[in-house]
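Working notes, structure below.
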Amino acid sequence: MEIIKPSIPKGTRDFLPEQMLRRQYVINIIKTVFEKYGYQPLETPSIEKLDVLSGKYGEEGDQLMFKILKRGTGLEKVGREIKEFSITKFRDIADLGLRYDLTVPLSRVIAMYRNEITLPFKRYQIQPVWRADRPQKGRYREFFQCDADNVGSASMMADAETIAIINEILTVLGFKQFKIKINNRKILSGIVEYSGVETNRGMDVCIAIDKVDKIGIDGVKKELLQREISDNAIAKILPILEISGKIENILSDVSSLLKSSEVGSEGINEIRELISYMKSMDIPTNNYVVDLYLARGLTYYTGPIFESVVEEPKIGSLTGGGRYDELIGMFSGENIPATGTTLGIERIIDVMTELKMMPEAKTSTKVLVTIFNDETKDASLKLIQKIRKAGINSEIYFDSNGLKKQFKYADKMGIPYVVIMGPDEAEKNEVSLKDLRKGEQAQMTVEKMLEVLK
RNA sequence: GAGGGCGUAGCUCAGUUGGUUAGAUCGCCAGGUUGUGGCCCUGGAGGCCGCGGGUUCAACUCCCGUCGCUCUCCCCA
């Protein structure tokens, strides 16, 4: 038989038990916080119709979407039965794609079940998404996103709550140095308006200025020129973005510059309101900043946008989100305001691993019951069921080929306790319990052992 | 789609101007210890040197091609 060299597609990963324990640790914390804030779980299919996915993520997004080949198109016969194949519409060979994010499927769900869903609808969703790009550090082709969204309220309180959730999760996970960057698409629109650039070129401006962390201010300038933004406009845009310092000062400075722009002023007011709620919620002020350079690539954001980053290691953003008041309307015709965030669990795990913030457990098993010999097998089996009945995670070693093997197994697996049920113990109706970490061993009754293990 | 780096034992890596039998650490297996892991000691197994071709008396080493992995740009979590 020919052996097939085992491998998986690049940008995908197998999660072995040790890694799964760490993933579950992170996911459980995230889930607990989501539920604490009143969010309920939701899941949607991995595949969606291309009509649903297309046109929501910008041109680049459409390219990075995995599309699924229809069956029975005849395309698969090319090169065998037929030499040529022609189509007039792409939809004739593909009409489905893999989920690209969780926000669009949520919007689809809201539009579809509009009559069954009570607003405000608060849901969280933890599922994989797929992107057909080239993998690199902190970037995969299949990865999990954890989203929490709040549908049905235009209040800045909903945005403040989203930021509070991000802050709480990152804090509970043990992050000490992180910043939640806050901006507003309306302010960016105001700046574009003020600069005299046509409004439909706003996205070009956003993409350019969003790169400041990577290419610096001079780089942004070059990028803007490359995107055919006039010198004149650039000269108006860059000084505004440079405004920094205390949030109140930034807002008042920008506010006076943009006072002629209705949308810009609206954006300023929104941020002011948002920050005031955040203060009432006691979100530590050094965990967030107003960063006018923050733009975010996805096209569907309409109001406040936010992103959280860590200084070290350099890995891009850990979370990203914002308000998207017009996305649901694309499915139902009726605009329903919504806001929320994505947590990038892969990056969070990568950073936590690099900063050694992860618990090191290799197993959730607390105790290994050994088998001394064939005569004591049944006693060991009876014993382990007692331990399990007491609610303690335990394993039994199936092959009784010496205690050495069994101890070695427990040690390698990181199982903290080993129980021995041998002839000596049986005689006194007791068991021996060894604490592998301390290296101490004692003989005791079963009841006493259960007490120690609890 | 464009560019850089790397493919040698299960892992991480060394390998001299091309030279005869390709090494090390960890891990694995056995023993030192006939009721006991982690430390120590002794021994052992394990390699189409990514794949194909070329140059050469001779290639892990040089050249060409190819595949795989990885990083950067674009874009993003």
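Given the structure is predicted, the values throughout are model-derived calculations rather than measurements.
Minimum atom distance to the side chain of A:Asp411 is reached by B:G37, of the listed B:U36, B:C71, B:G37.
The stretch residues 418-435 of chain A touches RNA chain B through A:Ile420, A:Asp424, A:Glu425, A:Lys434, each having a heavy atom under 4.0 angstrom from the strand.
Taking atom P in both B:A45 and B:U25, the straight-line distance is 15 Å, to the nearest Å. Using P as the reference atom, B:U66 and B:G4 are 14 Å apart when rounded to the nearest Å. Across the P atoms, B:G32 and B:U16 are found 42 Å apart, a figure rounded to whole Å. Taking atom C1' on both nucleotides, B:G52 is separated from B:G68 by 15 Å, rounded to a whole Å. B:C57 and B:G50 have their C1' atoms separated by 28 Å, with the value rounded to a whole Å. Nucleotides B:G35 and B:G46 have their P atoms positioned 33 Å apart, rounded to a whole Å. Comparing the P positions of B:C29 and B:C39 gives an interatomic distance of 13 Å, to the nearest angstrom. The gap from the P atom of B:C62 to that of B:C26 amounts to 30 Å, rounded to the nearest Å.
Residues A:Val289 and A:Ile182 fail the side-chain proximity criterion, which asks for heavy atoms closer than 4.5 Å.
Put simply, CE on A:Met65 is 13 Å from P on B:A77, counting in whole angstrom units. For A:Tyr57 and B:C75, the OH to C1' distance is 15 Å, given to the nearest whole Å. Following rounding to the nearest Å, A:Leu343 (CG) and B:A77 (C1') show an atom-to-atom distance of 9 Å. The CD atom of A:Glu223 sits 6 Å away from the P atom of B:C75 (whole-angstrom rounding). At whole-Å resolution of the value, NZ in A:Lys10 and C1' in B:C71 are 12 Å apart.
One cannot find a donor-acceptor pair under 3.5 Å joining the base of B:A77 and the side-chain atoms of A:Arg139.
A cation-pi contact, defined as under 6.0 Å to the ring centre and within 45° of the axis, links A:Arg131 to A:Tyr100.
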Side-chain donor-acceptor pairs of residues 423-430 of chain A under 3.5 Å, sequence neighbours excluded:
{"from": "A:Glu425", "atom 1": "OE1", "to": "A:Gly422", "atom 2": "N", "distance (Å)": "3.1"}
{"from": "A:Glu425", "atom 1": "OE2", "to": "A:Ser432", "atom 2": "OG", "distance (Å)": "2.5"}

With a cut-off of 3.5 Å and sequence neighbours excluded, list every side-chain donor-acceptor pair involving residues 433-454 of chain A.
{"from": "A:Asp435", "atom 1": "OD1", "to": "A:Arg437", "atom 2": "N", "distance (Å)": "3.0"}
{"from": "A:Asp435", "atom 1": "OD1", "to": "A:Lys438", "atom 2": "N", "distance (Å)": "3.1"}
{"from": "A:Thr445", "atom 1": "OG1", "to": "A:Lys448", "atom 2": "N", "distance (Å)": "3.2"}

Pair up each side-chain donor or acceptor in residues 340-347 of chain A with any protein partner under 3.5 Å, not counting sequence neighbours, and list the distances.
{"from": "A:Thr341", "atom 1": "OG1", "to": "A:Gly320", "atom 2": "O", "distance (Å)": "3.3"}
{"from": "A:Thr342", "atom 1": "OG1", "to": "A:Asp147", "atom 2": "OD1", "distance (Å)": "3.0"}
{"from": "A:Thr342", "atom 1": "OG1", "to": "A:Asp147", "atom 2": "OD2", "distance (Å)": "3.3"}
{"from": "A:Glu346", "atom 1": "OE1", "to": "A:Arg13", "atom 2": "NH1", "distance (Å)": "3.0"}
{"from": "A:Glu346", "atom 1": "OE1", "to": "A:Arg13", "atom 2": "NH2", "distance (Å)": "3.1"}
{"from": "A:Glu346", "atom 1": "OE1", "to": "A:Arg23", "atom 2": "NH1", "distance (Å)": "3.0"}
{"from": "A:Glu346", "atom 1": "OE2", "to": "A:Arg23", "atom 2": "NH2", "distance (Å)": "3.1"}
{"from": "A:Glu346", "atom 1": "OE2", "to": "A:Phe144", "atom 2": "N", "distance (Å)": "2.6"}
{"from": "A:Arg347", "atom 1": "NE", "to": "A:Gly138", "atom 2": "O", "distance (Å)": "2.8"}
{"from": "A:Arg347", "atom 1": "NH1", "to": "A:Ser317", "atom 2": "O", "distance (Å)": "3.2"}
{"from": "A:Arg347", "atom 1": "NH2", "to": "A:Gly138", "atom 2": "O", "distance (Å)": "3.4"}

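Residue A:Gln145 has no polar side-chain atom (N or O) positioned under 4.0 Å from OP1 or OP2 of B:A77. For the pair A:Lys405 and B:C29, the criterion of a side-chain N or O lying under 4.0 Å from OP1 or OP2 is not met. Close to B:U70, at under 4.0 Å from its OP1 or OP2, lies no side-chain N or O of A:Arg134.
In this structure, A:Phe34 and A:Tyr124 have tilted ring planes: the angle between them lies in the 30° to 60° band.
Annotation for A:Glu395 and A:Ile384: closest pair C-CD1, 3.2 Å, computed over non-hydrogen atoms. Considering every non-hydrogen atom in both A:Ile396 and A:Arg388, the closest pair reads N-NH2, 4.2 Å.
Residue A:Thr370 is classed as having no contact, given no heavy-atom separation below 4.0 Å to the nucleic acid. Contact annotation for A:Glu307: no contact, since no heavy-atom pair falls under 4.0 Å across all strands.
Under the salt bridge (charged side-chain N to carboxylate O under 4.0 Å, His left out) criterion, A:Glu48 pairs with A:Arg108, sequence neighbours left out.
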Watson-Crick and G-U pairing of RNA chain B written in dot-bracket, each distance under 3.5 angstrom, with | for inter-strand partners
(((((((..(.((.....[...)).).(((((.......))))).....(((((..]....))))))))))))....
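Evaluated for a side-chain contact (heavy atoms from CB on, under 4.5 Å) with A:Arg323, the options A:Thr162, A:Ile305, A:Asp159, A:Leu274 yield exactly one hit, A:Asp159.
Mapping A:Arg141 and A:Lys412 onto RNA chain B via the closest heavy atom, the residue that lands nearer the 5' end is A:Lys412.
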